[in-house]
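Structure, as structure tokens:
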Amino acid sequence: MSLSRILHLPPVRLIASMHHRKILVHCISPVSVATRSMIQGEYRRPGQTKDTTPPWKIKVDFEKGLEGIKKTFTLLKKEFSDRWIGPEGKSLTEHILEQTLVIWEFRGPENLEQWTVSSDREIGGQSEAYMKLGRNNNTCFFYGTLCSAPPKDGETRYSGYCTMRSKQPLASFERKKHYDWSGFNTLHLRVRGDGRPWMINIAAETYFSHQKDDVYSYFLYTRGGPYWQDIKIPFSKFFLAHRGRIQDDQHPLWLDKINTIGFTLGDKADGPFQLEIDYLGVCKDYAHTEEFAYEVYKRNPEV
């Protein structure tokens, strides 16, 4: 039987005929599926065993039980009282007319507890990153040493990053709480760096498992030297990336569901680094009217 006659057979007879004759049709290409459309699991370092802990298993720490209960009911009381006053405990008039809002400032050790530090040491690298209060306890001083040499495990190919990231805000009973920046359009920060280029990463809430590693990023160029920089970056400039890869299909940032913000250094320039932060906030710039700086694909384009 010729190949042309086989391709015109019904599906059941076609499969039976191909199995009987052991014919492989090379002209039929395999179906390709986009990476982000699959359900992805947690990142696991090469060679590390898979975590088989069931998601319903609850870890109870009885040593912090009384302290945790006190903190939970304090937050619950604040949630009820804020609802009678207005959004986030502010009056409605103040919330509408607000043009500048300081989210993070560093005036004591309790402010550093809202942030976490990580580096490539988690995957076997040699970089070091630390965080402490600056001079007069009025700033955050993020410093350390960057090393881009990969670990000698025979599997990891790239290394060399240091990250400072804010913690996920939590409400009572360990519920997720989000920052609502929908009334603002610009990120405002005051920093003093050492001339290195940094990356600012903003993570928003996602509703699908394959989007949980999505972050919105933009560049932060520091001058170095003794002078402070007042930097304003519109949210429309942040681009979508997934696990370090910039996506072709871009979407604007959801400003009403912000989870965390972070600073990442990975310029492959080995050596010491430092970044001093005074405060981070958001503001409303009426001169900026851009909605999104990048091309957005239409899923159903108009004819």
Side-chain angles (χ1 to χ4, degrees), residues 33-38 40 42-43 101 103-104 115-116 118 120 142 146 148 158-168 178-191 193 195-223 229-269 273 275 277 280-301:
V33 182
T35 305
R36 293 178 70 245
S37 64
M38 299 180 181
Q40 301 180 2
E42 294 286 345
Y43 171 77
L101 177 63
I103 308 297
W104 293 279
W115 294 77
T116 180
S118 63
D120 55 46
F142 182 47
L146 186 71
S148 59
Y158 304 102
S159 182
Y161 69 88
C162 294
T163 301
M164 170 186 174
R165 184 182 61 186
S166 63
K167 296 181 180 179
Q168 169 74 51
H178 311 291
Y179 297 104
D180 186 3
W181 298 345
S182 56
F184 308 93
N185 61 0
T186 304
L187 178 68
H188 186 194
L189 58 157
R190 188 169 185 260
V191 300
R196 285 174 176 261
W198 293 74
M199 184 74 77
I200 302 180
N201 303 313
I202 299 179
E205 182 67 13
T206 56
Y207 294 96
F208 302 99
S209 59
H210 65 277
Q211 295 177 338
K212 64 179 180 178
D213 293 325
D214 289 0
V215 293
Y216 286 82
S217 307
Y218 199 70
F219 308 101
L220 171 65
Y221 298 100
T222 58
R223 287 196 302 253
Q229 292 179 253
D230 283 302
I231 301 174
K232 291 185 178 181
I233 304 175
F235 292 120
S236 62
K237 301 294 184 183
F238 284 82
F239 53 87
L240 175 62
H242 178 79
R243 292 187 178 180
R245 295 177 174 86
I246 302 176
Q247 300 299 301
D248 292 331
D249 193 2
Q250 293 288 324
H251 302 282
L253 174 63
W254 288 0
L255 293 175
D256 59 337
K257 296 290 184 180
I258 302 298
N259 286 338
T260 62
I261 186 173
F263 300 87
T264 301
L265 177 66
D267 58 354
K268 302 298 181 182
F273 68 89
L275 179 67
I277 305 173
L280 287 91
V282 290
C283 64
K284 182 182 294 184
D285 187 1
Y286 291 97
H288 184 77
T289 58
E290 183 182 55
E291 295 183 1
F292 196 53
Y294 311 101
E295 181 180 5
V296 179
Y297 295 113
K298 291 185 177 180
R299 297 188 181 277
N300 296 316

Taking every heavy atom of D256 against every heavy atom of S182, the minimum-distance pair comes out as CB-CB, 4.4 Å

For the pair T206 and D214, evaluate side chain to side chain donor-acceptor pair (under 3.5 Å) and give the outcome as yes or no after the intermediate values.
CA-CA 8 Å; T206 56; D214 289 0; over 6 Å; no

Just to verify, which of I202, L101, I103 counts as forming a side chain to side chain contact (heavy atoms under 4.5 Å, CB included) with Y179?
I103

Minimal heavy-atom distance between G193 and T222, with the atoms involved, is CA-CB, 3.8 Å

Could you tell me which non-hydrogen atom of L265 sits nearest to which non-hydrogen atom of P197, and how far apart they are?
CD1-O, 3.5 Å

Smallest separation among heavy atoms of S148 and K268, with atom names:
CB-CD, 4.0 Å

Using modelled atom types only, decide if a donor and an acceptor are shared between the side chain of Y216 and the backbone of H251 within a distance under 3.5 Å.
yes

May I ask you to decide if Y207's main-chain N or O and K212's side chain share a donor-acceptor pair within less than 3.5 Å?
no

SG (C162) and CG (L275) are apart, to the nearest 0.5 Å, by 11.5 Å

Between the main-chain N or O of R245 and the side-chain N or O of Q247, is there a donor-acceptor pair closer than 3.5 Å?
yes

Identify the heavy atoms of T260 and S166 that sit nearest to each other, and give their distance.
CG2-O, 3.2 Å

Could you go through the side-chain contact (heavy atoms from CB on, under 4.5 Å) check for I233 and F238 one step at a time?
CA-CA 9 Å; I233 304 175; F238 284 82; 3.7 Å; yes

Using the rule given for ring pair (Phe, Tyr, Trp, His ring centres under 6.0 Å), can you reason through Y218 versus F235, listing the C-alpha separation, both sets of side-chain angles and the distance that settles it, and then say yes or no?
CA-CA 9 Å; Y218 199 70; F235 292 120; over 10 Å; no

Got a sec, which pairs hit salt bridge (Lys or Arg N to Asp or Glu O under 4.0 Å) with one end in residues 258-267, sequence neighbours left out?
R196-D267

Is a donor on one side and an acceptor on the other found under 3.5 Å between the side chain of Y294 and the backbone of K237?
yes

Distance (rounded to the nearest 0.5 Å) between L240 CG and D249 CG
8.0 Å

Run the side-chain contact (heavy atoms from CB on, under 4.5 Å) test on I277 and F142 for me, step by step, so that the C-alpha distance in whole Å, both residues' side-chain angles and the decisive distance to 0.1 Å come before the verdict.
CA-CA 8 Å; I277 305 173; F142 182 47; 5.7 Å; no

To the closest 0.5 Å, what do you measure between CG (L189) and NZ (K232)?
11.0 Å

Find the distance between CD1 (I231) and CG (L187) and round it off to the nearest 0.5 Å.
9.5 Å

Under the side-chain contact (heavy atoms from CB on, under 4.5 Å) rule, what do M164 and W115 come out as? Steps first, then yes or no, please.
CA-CA 7 Å; M164 170 186 174; W115 294 77; 3.7 Å; yes

Assess whether atom CZ of R190 is packed by more than 12 heavy atoms of other residues, nucleotides or ligands within 6.0 Å.
yes

Would you please test T163 and F263 for side-chain contact (heavy atoms from CB on, under 4.5 Å) and show each step?
CA-CA 6 Å; T163 301; F263 300 87; over 6 Å; no

Is there a donor-acceptor pair under 3.5 Å between the side chain of Q229 and the backbone N or O of R223?
yes

Do other residues, nucleotides or ligands put more than 12 heavy atoms under 6.0 Å from the CH2 atom of W104?
yes

Keeping the roles fixed (side chain from N259, backbone from Q168), state whether a donor-acceptor pair exists under 3.5 Å.
no

Is the shortest heavy-atom distance from the side chain of L255 to the side chain of F184 under 4.5 Å?
no

How close do S217 and M199 get, counting heavy atoms only, and between which atoms?
CB-SD, 3.6 Å

Nearest 0.5 Å, please: how far is CH2 in W198 from CZ in F273?
5.0 Å

Got a second to check how far T289's OG1 is from E291's CD, nearest 0.5 Å?
8.5 Å

Quick one: does S236's side chain have a donor or acceptor within less than 3.5 Å of a partner on F292's backbone?
no

Those residues at least two apart in sequence (or on a different chain) that pass side-chain hydrogen bond (donor to acceptor under 3.5 Å, both in side chains) with N185 are none

